[in-house]
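Contents: one structure, followed by commentary.
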Amino acid sequence: MSLLIKNGHVMNPATSFDEIADVLVEENQVKKIGKDISEDGVSQVIDATGCFVFPGLIDLHVHFRDPGLTHKEDIATGSAAAAHGGFTTVVAMPNTKPVADSVEVIRYVNDKAAEVGLTHVIQAGAITKGMQGEELSDLEGMIAEGILAISEDGKSVMNSNLYREAMKIAAKNHIAVLAHCEDINLVNGGVINQGAKSEELGVGGISNAVENIIAARDIMLAEETGATLHLCHCSTKETVELVRDAKAKGIKVSGEVCPHHFTLTDQDIVAGDSNYKMNPPLRGKEDVEALKEGLKDGIMDVISTDHAPHTAEEKVSDLNKAPFGIVGLETSAALTYTELVLKGYLTPMQMVEKMSVNPAGILGIPKGDISEGHIADITIFDPNAQYEIHSADFVSKGKNMPFEGRKVTGRVVTTILDGNVVYKYNK
Ligand code: DOR
Ligand code: ZN
Ligand code: ZN
């Protein structure tokens, strides 16, 4: 099996390669990158003229709801959505049913994801048993099984002592801690950002402090334990500053931003539409600007989706009752290109860093690099395609998102996993 990608704009930040070139793939590896590679003997040729060719995108934050909540998503539909979005590796969060807090659940996900074969799924292990916050889960067992990260996503481990013990184990075993920062005692029934909009809509507000307090705590514990801390879905200007200060001190911390948090503010929320409800919530204008500036100046390292599918029935209920979360796998690259690259916050190479190179670095996996000899996980992206987002086009079971009808530029046209085409856009 060989595959030749012709005439694309190859972007490989790992080697600072940023040129029009051909990419030859043999079996599951990149064999050669260069000009005018011969088509002789090649089994499949892809014309990538006018397109970007970059390392497969890596999403550090998805919810595949499998096992147990497969009416919302499952590993097959989630993996298909990942492939459509250009993602060749995703990290699945452990708030499944049962919670991914044991070797058995980790094995179940690994086996099913391998069988589906549309994206590489890395299951994060839950920090506490059943995500109850009371007792550490079998971290050593899951680490022996090969997990690369632990997380309690959906909440924070509020017991700082227990959390510190988990961080020590993560540090000793060189795996990442993916932190959802939310002081549950401060939420007080809040459902959207606290401010003029929550008052206008007459619903409870979630203040910036809900996130900031735990982000600051987590950074201090990372300093103390030496753990690699990754702050998920940062939404406030204060978190950006906390990450900036922590990095200046040499603490091992990275920050993640989701497309919804840099695309929308709380002012965009349409009354009664729960597709605008996610946790952390859409924030104010100053926060959004700080997130974009943070991405631009390299303080924020990663763009992830927090792909959080829910059923249409759950999401038709009002802001108070509907669950938090929006889907993002099939819109992330286009929103990032439209909102950050075209508006001058990121170069295309920096977009690839935030969506592939840096996530690989945080996980410590040899991905995010398509230089010769590396695994051929490759995404081909057409930066000139213009279209409207419609949830009816999604292959994810989840259609919940607030971008219906939004015009974007940039489309994933081909996704290659281990040298095989797993997604191709059909006009
Ligand atoms: O919006 C969210 N949805 N935030 C979370 O922290 C959890 C997630 C989910 O699991 O639905
Ligand atoms: Zn979260
Ligand atoms: Zn999440």
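Here the structure is a predicted model, which means the values were calculated and not measured. When a ligand or atom number is given, it counts from 1 through the structure's own listing order.
Heavy atoms of G154 come nearer than 4.0 angstrom to ligand 1 in at least one pair. By the 4.0 Å heavy-atom criterion, H310 is counted among the residues contacting ligand 1.
In this structure, K292 forms no cation-pi arrangement with F262, as its terminal cationic atom is not both closer than 6.0 Å to the ring centre and no more than 45° off the ring axis.
Heavy atoms of N95 found under 4.0 angstrom from ligand 1 belong exclusively to the side chain. At a heavy-atom cutoff of 4.0 Å, ligand 1 is contacted by the side chain of R65 but not by its backbone. When non-hydrogen atoms are compared, ligand 1 lies under 4.0 Å from the side chain of H180 (C-beta onward) but not from its backbone.
Rounded to 10 degrees, the OD2-metal-NE2 angle spanning D153 and H61 at the Zn ion (ligand 3) equals 90°. When NE2 of H233 and ND1 of H180 are joined through the Zn ion (ligand 2), the resulting angle is 100° to the nearest 10°.
Close approach of ligand 1 to H63 (heavy-atom distance below 4.0 Å) involves ligand atoms 8 (C), 10 (O). Against a heavy-atom cut-off of under 4.0 Å, M278 is close to the following atoms of ligand 1: 1 (O).
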If you apply the rule side-chain hydrogen bond (donor to acceptor under 3.5 Å, both in side chains), what do you find for H374 with E372, and how did you get there? CA-CA 6 Å; H374 282 72; E372 291 165 15; over 6 Å; no

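Put simply, the residue from R244, K354, K247, K252 that forms a salt bridge (charged side-chain N to carboxylate O under 4.0 Å, His left out) with D301 is K247.
Considering both main-chain and side-chain atoms, G325 comes within under 3.5 Å of ligand 1 through a nitrogen or oxygen pair.
For the residues N279, I326, N400, V327, the heavy atom positioned nearest atom 5 (C) of ligand 1 is part of N279.
In terms of protein heavy atoms, atom 3 (N) of ligand 1 is closest to F324 O, 3.2 Å.
With respect to D377 and K367, a salt bridge is recorded, a charged nitrogen being found less than 4.0 Å from a carboxylate O. Salt bridge status for R164 with E224: present, with a side-chain N to carboxylate O gap under 4.0 Å. Using a cut-off of 4.0 Å between Lys/Arg side-chain N and Asp/Glu carboxylate O, E388 and R406 are scored as not salt-bridged. A salt bridge between E339 and K343 is present, with a side-chain N of the basic residue lying under 4.0 Å from a carboxylate O of the acidic one.
A 4.5 Å side-chain heavy-atom check between D153 and H61 finds at least one atom pair inside the cut-off.
If you look at D306 and ask which of its N, O or S atoms sits nearest the Zn ion (ligand 3), the answer is OD1.
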